[in-house]
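Structure, as structure tokens:
In this text the structure is predicted, and so the values were computed from the model without any measurement.
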Amino acid sequence: MMKRDTKEQIAQEIAEKFQKSQGFYFTEFQGLDVKKMGQLRLEFRKAGIEYRVVKNTLIKKALKDAANADKLAAGLKNTTAVAFSYDDPIAPAKIIKKFSKDNEALKFKMASIDGSLFGPDSLPQLSEMLSKTENIGRLAGMINNMVASVPMVINAVMRDLVSVIDQVGKLEK
């Protein structure tokens with residue numbers, strides 16, 4: 001049995017992780033053996049995601065001041081592990097979906113991304129969203145295309161301006 005001050009310390013640590021993360025995911029892992037759990041942790045670690053098994057009562061304490069605390073607490077049944085994503089809030093969804101295809105014991109409970117809640121049925125949609133890196137890449141591509149077309153636009157405007165000046169010069173003669 002854990003001492004009270006140890007519980008308080010863990011709850012405070014988890015609360016800080018909730019605040020720092022862009023997104024966090026609750027999963028149930030009952031039935032995953034140690035080897036499978038190790039593989040899952042490795043996948044999360046490669047993506048820069050922290051995956052931690054936490055007692056439901058400590059999660060509830062950590063969430064006491066969070067937005068939607070009641071709705072999040074309602075999903076805390078059975079065993080719970082939390083995936084904290086600090087950089088890319090979509091990455092855990094992709095890993096959970098891929099891993100759970102071969103390991104039915106891993107179940108997605110719910111997620112919170114930038115304060116928005118996603119229930120157990122939303123994993124497919126979350127996992128298909130573009131990651132932060134993919135979105136930045138698309139935006140960079142769009143900007144690159146816009147910048148590449150600017151010289152053509154400037155040339156066209158300058159050509160038209162020269163034509164107008166030339167026409168004005170012919171009128172004055």
Are the side chains of [X] and [Y] in touch, meaning some heavy atoms are under 4.5 Å apart?
{"X": "Ile59", "Y": "Val82", "value": "yes"}
{"X": "Leu32", "Y": "Phe99", "value": "yes"}
{"X": "Ile95", "Y": "Leu40", "value": "yes"}
{"X": "Leu42", "Y": "Lys46", "value": "yes"}
{"X": "Met110", "Y": "Leu72", "value": "yes"}
{"X": "Glu128", "Y": "Lys97", "value": "yes"}
{"X": "Pro92", "Y": "Ser85", "value": "yes"}

Ring-plane angle category for Tyr86 and Phe84, please: parallel below 30°, perpendicular beyond 60°, tilted otherwise. parallel
Verify the cluster assignment for Phe26 and Ile113: are they in a single hydrophobic cluster under the rule of side-chain heavy atoms below 4.5 Å apart?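 No: no chain of side-chain contacts under 4.5 Å links Phe26 to Ile113.
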same_hphob_cluster(Val53, Leu76) at 4.5 Å side-chain heavy-atom cutoff: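 No, no single cluster joins them.
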How long is the straight-line distance from [atom2] of [Y] back to [atom1] of [X], given to the nearest 0.5 Å?
{"X": "Thr27", "Y": "Leu123", "atom1": "OG1", "atom2": "CG", "value": "10.5 Å"}
{"X": "Gln22", "Y": "Ile90", "atom1": "CD", "atom2": "CD1", "value": "9.5 Å"}
{"X": "Leu106", "Y": "Glu28", "atom1": "CG", "atom2": "CD", "value": "9.0 Å"}
{"X": "Asp121", "Y": "Leu126", "atom1": "CG", "atom2": "CG", "value": "11.0 Å"}
{"X": "Leu58", "Y": "Gln9", "atom1": "CG", "atom2": "CD", "value": "11.5 Å"}
{"X": "Glu43", "Y": "Arg41", "atom1": "CD", "atom2": "CZ", "value": "13.5 Å"}

Test your reading of the model: is there a side-chain donor-acceptor pair from Asn56 to the backbone of Asn78, 3.5 Å cut-off? yes
Just wondering, more than 12 heavy atoms not from [X] lying within 6.0 Å of its [atom1]?
{"X": "Lys17", "atom1": "NZ", "value": "yes"}
{"X": "Gln125", "atom1": "CD", "value": "yes"}
{"X": "Glu13", "atom1": "CD", "value": "yes"}

Of the non-hydrogen atoms in [X] and [Y], which two are nearest, and what is the gap between them?
{"X": "Phe108", "Y": "Pro120", "value": "CD2-O, 3.6 Å"}
{"X": "Thr80", "Y": "Lys109", "value": "OG1-NZ, 2.6 Å"}
{"X": "Ala105", "Y": "Gln30", "value": "CB-O, 3.5 Å"}

Indicate whether the side chain of Ser112 and that of Tyr25 have a donor and an acceptor atom separated by less than 3.5 Å. no
Given side-chain contact (heavy atoms from CB on, under 4.5 Å), test Tyr51 with Met37 step by step and report yes or no. CA-CA 10 Å; Tyr51 190 63; Met37 192 67 152; 3.8 Å; yes
Before accepting this row, confirm whether a basic side-chain N of the pair Glu50/Arg45 lies closer than 4.0 Å to the acidic partner's carboxylate O.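 Salt bridge flag = no for Arg45 with Glu50.
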Please step through side-chain contact (heavy atoms from CB on, under 4.5 Å) for the pair Leu63 and Phe18, ending with a clear verdict. CA-CA 8 Å; Leu63 288 171; Phe18 283 136; 3.6 Å; yes
Begin from the C-alpha positions of Gln12 and Glu16 and carry the test side-chain hydrogen bond (donor to acceptor under 3.5 Å, both in side chains) through to its verdict. CA-CA 6 Å; Gln12 179 62 37; Glu16 289 171 11; 3.3 Å; yes
